[in-house]
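Read the structure below first, then the notes.
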Amino acid sequence: MSWQNVLLTDSGFFDPFDLRRPLSPIVERFAQMLGKPSPQARVLFIPAAACDDESRQLADILRQELERLGFLPGHIIPYELDGSLGEAEVLSFDVMFFTGGWCEHLLKQIKATHFDQVIKKFVFSNKVYVGVSAGSILATPNIMGCFGGAEDEETAGLGLVPAYIDCHCDLKPDLTPKRLPLLHVLLHFNQALAVSSSGFELLEDRQACHAIDWASPPEFGVDVFQPVS
């Protein structure tokens, strides 16, 4: 089975240090995957991982990013994995978008509703799957793979990418890849993985690479992810 439209981002489509600036290589690959004008596309927007104030604020920012990329507000449909949508309706969307937050919570909801099988049908139909942070880690073989939990069925992920992913590595000084059964990918704010059935490719906007002063770490909502007025 051949498929090619999975995009696993660290932080979405815009530079977290300047949300007016698109991450061009990531945005361009997303447009290529979509294959139609964004005003014509429908997005199933899933913020189920966002279960604290900070991740809910980020989910709002991510929805605004989609609108700034040209998606119509009425075509961005929120879904809380409550079982209210049937499989056929889910498969009618063009994009399935998972925000960041708590990956363990997201995975439990997906397994409780058997939504993992619907996600795979969506991906295998060459619809576009976009993950941000937790939504990206969900696509790995195991969400605890970076911590040696790769054999734990309870934390088994979707297995769409043959790698374990750490996100927001800009905020984790001195982090280095671990020797694991699969490649350990350290994603930074300006990076994403474009994934297909044949492998994956690192996308990076090098102009959005930021050196962080650890004497004064960036503050959410002030230095990073400051909403655009």
Side-chain angles (χ1 to χ4, degrees), residues 1 3-9 11-13 30 33-36 38-67 69 71-145 149-161 165 167 193 195 197:
M1 182 177 297
W3 50 269
Q4 58 185 1
N5 294 327
V6 171
L7 186 60
L8 307 180
T9 78
S11 304
F13 297 116
F30 179 44
M33 289 178 173
L34 185 61
K36 65 169 64 174
S38 51
Q40 297 177 12
R42 297 172 69 239
V43 180
L44 187 63
F45 187 81
I46 304 178
C51 50
D52 61 22
D53 288 342
E54 185 173 297
S55 54
R56 281 191 288 269
Q57 290 175 44
L58 181 53
D60 289 340
I61 289 171
L62 293 171
R63 180 168 182 145
Q64 292 167 15
E65 288 189 1
L66 287 169
E67 293 180 15
L69 291 179
F71 292 88
L72 301 179
H75 288 182
I76 305 171
I77 309 301
Y79 182 50
E80 292 288 353
L81 298 176
D82 56 7
S84 60
L85 293 182
E87 179 181 300
E89 189 168 2
V90 171
L91 293 175
S92 72
F93 285 85
D94 302 287
V95 179
M96 184 180 292
F97 189 108
F98 284 91
T99 74
W102 296 88
C103 196
E104 296 93 334
H105 177 75
L106 173 62
L107 184 62
K108 286 180 180 178
Q109 285 190 273
I110 285 172
K111 291 192 172 185
T113 57
H114 305 290
F115 197 67
D116 50 340
Q117 298 306 312
V118 180
I119 296 171
K120 289 178 181 179
K121 287 183 180 180
F122 192 91
V123 169
F124 298 160
S125 299
N126 261 324
K127 307 280 188 171
V128 183
Y129 175 111
V130 177
V132 178
S133 188
S136 293
I137 295 170
L138 175 68
T140 68
N142 196 289
I143 67 169
M144 298 299 289
E151 301 302 321
D152 188 345
E153 182 60 31
E154 184 177 341
T155 55
L158 298 173
L160 298 175
V161 58
I165 297 174
C167 289
L193 294 181
V195 185
S197 53

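The structure presented is a predicted model; accordingly, all values stated were derived computationally and were not measured. Values below: all heavy atoms of this structure, side chains included; hydrogens, waters and symmetry mates excluded.
Under the 4.5 Å side-chain criterion, counting only non-hydrogen atoms from C-beta, E104 is not in contact with L107. Using a 4.5 Å cut-off on side-chain heavy atoms (C-beta onward), L66 and V43 make contact. Proximity of L58 to T99: side-chain heavy atoms (C-beta onward) are nowhere separated by under 4.5 Å. Two residues are said to be in side-chain contact when any heavy atoms from C-beta on lie closer than 4.5 Å; L85 and L44 meet this criterion. Counting heavy atoms from C-beta on, the side chains of L81 and I110 come closer than 4.5 Å. A 4.5 Å side-chain heavy-atom check between L91 and F122 finds at least one atom pair inside the cut-off.
Of all heavy-atom pairs spanning S136 and T9, the tightest one is OG-O, 2.8 Å. The minimum heavy-atom distance between L138 and L106, with the atom names listed, is CD2-CD2, 3.9 Å. Nearest approach of A41 to L34, heavy atoms of both residues: CB-CD1, 3.8 Å. Across all non-hydrogen atoms, the minimal contact from W102 to C51 is CD1-SG, 3.1 Å. Taking all atoms of both residues into account, the shortest heavy-atom contact from I119 to M96 is CG1-SD, 3.8 Å. A pairwise comparison of heavy atoms in Y79 and S84 identifies CE1-OG, 3.4 Å as the closest pair.
Here H105 contributes atom NE2 and K108 contributes atom NZ; the two are 9.0 Å apart, rounded to the nearest 0.5 Å. Between I137 atom CD1 and C103 atom SG the span is 5.5 Å, to the nearest 0.5 Å. With rounding to the nearest 0.5 angstrom, the CD atom of Q64 is 10.0 Å from the CD1 atom of I76.
Side-chain rings of F30 and F71 approach one another, their centers coming within less than 6.0 Å.
Although no hydrogens or angles enter the test, the distance criterion places no donor-acceptor pair under 3.5 Å between the side chain of K120 and the main chain of G159. Remark: side-chain polar atoms of K127 are paired, donor with acceptor, to backbone N or O of F93 under 3.5 angstrom. Using modelled atom types, one side-chain atom of N5 and one backbone atom of N126 make a donor-acceptor pair closer than 3.5 Å. Of the possible polar contacts, none joining the R63 side chain to the F45 backbone as a donor-acceptor pair under 3.5 Å is found. Without hydrogens or angle criteria, T155 side chain to M144 main chain gives no donor-acceptor distance under 3.5 Å. With Y129 contributing its side chain and F98 its backbone, the two residues share no donor-acceptor pair below 3.5 Å.
Residues passing the side chain to side chain donor-acceptor pair (under 3.5 Å) test with S92 are R42, sequence neighbours excluded. With sequence neighbours left out, Q40 forms a side chain to side chain contact (heavy atoms under 4.5 Å, CB included) with K36, P37.
The side-chain contact (heavy atoms from CB on, under 4.5 Å) test with L8 singles out one residue from V132, T140, I165, and that residue is I165.
Other residues, nucleotides and ligands place more than 12 heavy atoms under 6.0 Å from the CD atom of E67. Annotation: K111, atom NZ; neighbour count of heavy atoms from other residues, nucleotides and ligands within 6.0 Å is above 12.
Between F124 and W3, the angle of the ring planes lies from 30° to 60°, which puts this pair in the tilted group. By the 30° and 60° cut-offs, the orientation of the rings of F13 relative to F97 is tilted.
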